[in-house]
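One structure is given below, encoded as C-alpha cells.
Heavy-atom basis, side chains included; hydrogens, waters and symmetry copies ignored. Residue numbering restarts at 1 for every chain, and letters A, B, ... go by the order of the sequence lines.
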Amino acid sequence: MRVSQFFLSTLKEAPSEAELPSHQLMMRAGYIKKLASGLYTWMPLGLRVLRKVENIVREEMNRSGGIELLMPAVQPAELWRETGRWEVFGPQMLKIKDRHDNEFCFGPTHEEVITDIARRDIRSYRQLPINFYQIQTKFRDEVRPRFGVMRAREFMMKDAYSFHADFASLEQTYRVMYDTYSRIFTRLGLQFRAVAADTGAIGGSGSHEFHVLADAGEDALAYCPDSDYAANVELAEALAPIAAREAASETMKNVDTPKQTTCEQVAELLDIPLQRTVKLLALIAEGKLNLMLLRGDHSLNEVKVSKLPGLADFRFASDEEIRAYFNCPPGFLGPIGIDRSKVRLIADRTVAAMSDFVVGANLPKFHTTGVNWARDLPEPDLVADIRNAVAGDPSPDGKGTLEICRGIEVGHIFQLRTKYAEALKATYLDAEGKTQIIEMGCYGIGVSRIVAAAIEQNYDKRGITLPAAMAPFQLVIVPIGMGKSEAVRAAVEQLYADCQAAGIEVLLDDRDERPGVMFADMELIGLPHRIVVGDRGLKEGNVEYQGRRDEAAQVVALQNVLELVKSKV
RNA sequence: CGGGGCGUAGCGCAGCCUGGUAGCGCACUUCGCUGGGGGUGAAGUGGUCGGAGGUUCGAAUCCUCUCGCCCCGACCA
C-alpha cells in the first residue's frame with residue numbers, strides 16, 4: 001500500500017476527552033473516530049488491526065472445532081421474554097420498536113437466539129456436541145461508556161456457544177476453549193492471565209476470565225507467583241493473615257477522638273498502625289441490622305457478603321437508620337454494649353483473629369483501644385470471608401502469598417449448564433430415546449477491546465508499538481527526498497515491488513514529506529519494521545533498517561535488506 | 001442516578017468576569033526556499049461561538065430553558 005493511496009489522519013495533539021494512553025494514541029494515530037458517546041468508527045488503519053485480531057480468533061476457533069455462523073443483531077422481545085431476561089437485563093439493553101410497534105432489542109448477547117436455533121435443529125444426541133460461534137457487533141447501553149473502544153456501547157465480540165449431551169462433554173469443550181483462548185492471546189503477543197471468576201447472575205458451575213495485564217485495567221486480580229492460583233479479587237478467598245488470636249495484653253479504655261471518624265484518622269491520631277483498627281459497616285437485609293467488622297486497611301467485598309445467609313439482598317444503612325439504632329453518629333460506631341438480639345455481628349476472619357484492637361466506642365467523639373474478643377464483648381455471631389483479598393494474604397491453595405495486579409477483561413468463558421436450554425425447552429433424544437435437556441457453555445472475546453488493551457500494554461513516548469501479529473502493516477519504507485533523487489525513487493520502487501512479491505504487508509510512504517514528519521507518523525501508528533532509503537546511504541549501496549522497539553537503526557546493504565526483513569516478519 | 005466541569009474552525013485553546021459584530025497554535029490550500037527527526041517565508045481557505053427563547057440600540061459575553069460531551073461518585077463511616 002502506498003500512503004498516497006491510503007488514508008492517514010494523524011494528530012499532534014490528542015482530543016481532550018481521551019484520558020487513557022491507548023485511547024489518546026488510537027485517536028492520534030487515526031485508528032478510530034468518535035461519532036457519539038461509546039460509538040466509534042474504525043478508520044482504515046484501525047480496521048486493519050481489528051481484522052488481524054478477528055482473523056486470529058477465527059483461525060483458532062476453527063482449529064478447535066468451532067463452526068462459524070452469523071446471527072441477527074436485532075432480536076425479537078418475545079424470545080427474551082421466554083427466558084425472563086427482557087426485564088432482568090435492564091437498561092443496558094437497547095430496546096427498539098419496528099413500524100408495527102413490535103418490540104426488539106439490539107442484541108447485547110446471543111444466548112436466546114442460539115438456543116432457539118438449537119431447540120429447532122438439534123434433535124438427537126448424534127448431533128452433539130457442537131460449538132457455534134460468530135464475530136459480530138454487539139450493543140450494550142453502558143451506564144458510563146469510557147476509554148474509547150475499551151468500554152464502548154457498540155463493540156465487536158466473538159461469542160461462542162457449545163451444546164452437549166452431558167456435563168462431562170461440556171467440561172471437555174470448556175477445557176478446549178480455555179486452551180484455545182490461551183493460544184489466541186499468546187499468538188496476539190499479549191501478556192495475559194486466566195483467572196477464576198465469579199459466575200454472577202449467569203450462574204453455572206465454572207467460569208474463567210482472561211485478562212490482559214495493564215495498570216489501567218478496571219479489574220483487580222489476585223495471583224500467587226509461586227503457584228498457578230489466580231482469581232478475580234471479587235472471588236479470591238481471603239484467608240486470615242494471622243495464624244491465631246494472641247492473648248489480650250492491654251486494658252480497654254476510651255480515648256478522645258473529637259474529629260476522627262475514619263480508621264485512617266484514628267490511627268494517625270493515636271500513632272498506631274492501621275492494621276490495629278477495626279471498622280464497622282452497617283448493612284440492612286431482611287429488615288435486620290448486620291454489623292460487618294473489617295480491619296481498618298481492608299475493604300468489604302459485596303459479592304461475598306451477598307452470598308452469606310440472610311444477606312442476599314443487603315443494602316447499606318442510611319445515616320438516619322444508624323443514628324436510630326445506635327444513638328450514635330456513623331464514624332464512632334462500636335460493637336461493645338450493643339443489643340445482640342437485634343444486631344448481628346459478622347466479623348471478617350482477620351478481625352476474629354485480632355486482639356488489643358481499636359474500634360469506635362459507640363459514643364460520639366470516642367474510640368476504644370485495647371479491645372479483645374471474649375473478654376470485652378461476646379464472640380462474633382458469624383466469622384466469614386467478607387473482604388477483598390490483598391497483597392500479602394496467604395494464597396488459598398496454601399502455596400505462598402498473594403500478589404495483586406490489574407487487568408483488562410478480554411475474554412470470559414462459562415459453563416452455563418441448562419439455564420437457557422430449560423427456559424427455551426431445548427432438548428434432544430438420547431441413545432435410549434429419552435428426552436434430555438441440552439447442556440450449554442458460552443465463550444466470549446471482546447475483539448475490539450483487545451485492540452485497546454494491546455495498545456495499553458504496548459506503547460512508548462513516540463506512539464504505538466503493537467506486537468507484529470496485530471500491526472496494521474508489517475513494514476514501512478521511508479524514502480528520503482524521493483521527489484528529488486531518481487536513485488532513491490528507483491531503489492524504493494524496486495524494494496516495494498520485491499516486498500510485495502515476497503508477501504510482506506508493506507507500506508510505502510511516498511508522500512515526499514520531510515523525514516521528521518514521516519518518521520513521526522510511522523512511529524505513531526505502530527509499524528514493527530522500517531527501512532529508510534536515502535541518497536546518503538545509497539551512494540555506498542546501503543539502506544537503514546530499524547525495528548520499532550530498537551534503540552537505533554542498523555546499516556544494511558540494499559541487496560541484503562529484503563532477506564533481513566523476511567527473517568524478521 | 002448523584003456531584004463537578006466543558007461546549008468558540010478538523011485538533012488543542014484564548015476571548016466571557018467588565019456586552020460593541022471573533023482570535024492564537026497546529027492542520028489544510030498555493031507559491032518559494034529547504035531537504036536524515038514534526039524546518040521556513042509569503043499569500044490564503046475555513047466558525048449562524050452546541051440549540052432555543054429572553055434582556056439590550058447591540059449578546060460568544062448577561063438571564064432562562066434545552067441538548068451534547070467529559071470526569072468523579074454510587075453508600076466501604
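- A 3.5 Å limit on both hydrogen-bonding distances identifies B:C63 as the Watson-Crick or G-U partner of B:G53.
- Whole-Å rounding puts the A:Gln260 CD to B:A77 C1' distance at 14 Å.
- The gap from the P atom of B:A9 to that of B:G25 amounts to 16 Å, rounded to the nearest Å.
- Taking atom CZ on A:Phe147 and atom C1' on B:C72, their separation rounds to 11 Å, with Å as the unit.
- On the C1' atoms, B:G23 is 27 Å away from B:C67, given to the nearest whole Å.
- When both distances must be under 3.5 Å, the Watson-Crick or G-U wobble mate of B:A27 does not exist.
- Seen from the ring of A:Phe155, A:Arg140 does not count as a face-on cation partner, given the 6.0 Å and 45° thresholds.
- Between the CE atom of A:Met26 and the P atom of B:C11 there is a distance of 18 Å, rounded to whole Å.
- Side-chain contact check for A:Ser4 and A:Asp510: at least one donor-acceptor pair (N or O, by modelled atom type) lies under 3.5 Å.
- Between A:Lys484 and A:Asp535 there is no salt bridge, since no side-chain nitrogen of the basic residue lies less than 4.0 Å from a carboxylate oxygen of the acidic one.
- One side chain, A:Gln546 or A:Arg530, offers a donor N or O that lies under 3.5 Å from an acceptor on the other.
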Please list each protein N or O that sits under 3.5 Å from an N or O in nucleotides 26-30 of chain B, with the distance.
unit_1	atom_1	unit_2	atom_2	d
B:C26	O3'	A:Lys12	NZ	3.3

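- Side-chain to base pairing of A:Asp521 with B:G38: one donor and one acceptor N or O lie within less than 3.5 Å of each other.
- Checking B:C69, B:C72, B:C76 against the side-chain heavy atoms of A:Arg146 singles out B:C72 as nearest.
- For B:C1 and B:U64, the C1' atoms lie 25 Å apart once the distance is rounded to whole Å.
- A donor-acceptor pair under 3.5 Å is absent between the side-chain atoms of A:Asp521 and the main chain of A:Met518, judged by distance alone.
- Checked for salt-bridge contact, A:Arg295 and A:Asp348 miss the test: no charged N lies under 4.0 Å from a carboxylate O.
- Exactly one of A:Lys304, A:Arg349, A:Arg387 qualifies for a salt bridge (charged side-chain N to carboxylate O under 4.0 Å, His left out) with A:Glu237. That residue is A:Arg349.
- Between A:Thr262 and B:A77 there is no side-chain polar atom (N or O) within less than 4.0 angstrom of OP1 or OP2.
- Regarding contacts with the backbone of B:G68, every side-chain N or O of A:Ser37 stays at 4.0 angstrom or more from both OP1 and OP2.
- Here, B:G2 and B:U61 have their C1' atoms 31 Å apart, quoted to the whole Å.
- Within the nucleic acid shown, A:Asp297 has no heavy atom closer than 4.0 Å to any nucleic acid atom.
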Do any N or O atoms of the protein come closer than 3.5 Å to N or O atoms of nucleotides 5-7 of chain B, and which pairs are they?
none

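- Distance, A:Arg144 CZ to B:G2 P: 15 Å, rounded to whole Å.
- Residue A:Ala36 places its side chain closer to B:C69 than to any other of B:A77, B:C69, B:G36.
- Distance check on atom P: B:U56 versus B:C63 gives 16 Å, rounded to whole Å.
- For B:G38, its base never sits under 3.5 Å from the side chain of A:Arg514 at any donor and acceptor pair.
- With salt bridges taken as basic N to acidic carboxylate O contacts below 4.0 Å, one links A:Asp141 and A:Arg153.
- Within 6.0 Å of atom NZ in A:Lys288, 12 or fewer heavy atoms from other residues, nucleotides or ligands are found, so the atom counts as exposed in its surroundings.
- Nearest-nucleotide assignment on RNA chain B puts the 5′-proximal partner with A:Glu19, out of A:Glu19 and A:Ile322.
- Taking the nucleotide of RNA chain B with the nearest heavy atom to each of A:Gly38 and A:Ser299, the more 5' of the two is matched to A:Gly38.
- Nucleic acid contact class of A:Ala317 (heavy atoms, under 4.0 Å, all strands): base.
- Residue A:Arg28 is classed as a base contact, given a heavy-atom separation below 4.0 Å to a base.
- In this structure, A:Asp512 atom CG and B:G35 atom C1' are separated by 9 Å, rounded to whole Å.
- Nucleic acid contact class of A:Leu300 (heavy atoms, under 4.0 Å, all strands): base.
- Residue-level contact check: A:Arg462 touches the bases, meaning some heavy atom is under 4.0 Å from a base atom.
- A salt bridge between A:Arg245 and A:Glu379 is present, with a side-chain N of the basic residue lying under 4.0 Å from a carboxylate O of the acidic one.
- Of the side-chain N and O atoms in A:Ser16, one or more sit less than 4.0 angstrom from OP1 or OP2 of B:C13.
- A side-chain donor-acceptor contact under 3.5 Å links A:Asn372 to the backbone of A:Gly370.
- At least one side-chain nitrogen or oxygen of A:Lys34 sits closer than 4.0 Å to the OP1 or OP2 atom of B:C70.
- B:C57 and B:C72 have their P atoms separated by 46 Å, given to the nearest Å.
- Side-chain atoms of A:Ile480 lie closest to B:G36 of the nucleotides B:G36, B:C1, B:C71.
- Between A:Asp509 and A:Arg511 there is a salt bridge, with a side-chain nitrogen of the basic residue lying less than 4.0 Å from a carboxylate oxygen of the acidic one.
- Taking a pair to require two hydrogen-bonding distances under 3.5 Å in either a Watson-Crick or a G-U wobble arrangement, B:G32 pairs with B:U40.
- Donor-acceptor pairing under 3.5 Å, judged by distance alone, is present between the side chain of A:Glu302 and the base of B:C76.
- Between the C1' atom of B:C1 and the CD atom of A:Glu142 lies a distance of 16 Å, rounded to the nearest Å.
- The base-pairing partner of B:U45, taking Watson-Crick or G-U wobble contacts with both distances under 3.5 Å, does not exist among the strands shown.
- Atom NZ in A:Lys279 sits roughly 13 Å away from atom P in B:C75 (whole-Å rounding).
- Side chain of A:Glu493 to backbone of A:Arg489: no donor-acceptor contact under 3.5 angstrom is found.
- Side-chain atoms of A:Thr369 do not come within 3.5 Å of backbone N or O of A:Val358 as any donor-acceptor pair.
- The base of B:G36 has none of its N or O atoms less than 3.5 Å from a complementary donor or acceptor on the side chain of A:Arg530.
- On the P atoms, B:U29 is 15 Å away from B:U45, given to the nearest whole Å.
- Between the CZ atom of A:Phe316 and the C1' atom of B:G73 there is a distance of 14 Å, given to the nearest Å.
- At the heavy-atom level, A:Val532 lies under 4.0 Å from base atoms of the strands shown.
- Remark: the separation of the P atoms in B:C62 and B:G15 is 12 Å, to the nearest Å.
- Taking a pair to require two hydrogen-bonding distances under 3.5 Å in either a Watson-Crick or a G-U wobble arrangement, B:G2 pairs with B:C72.
- Within the nucleic acid shown, A:Gly534 comes within 4.0 Å of at least one base atom, counting heavy atoms only.
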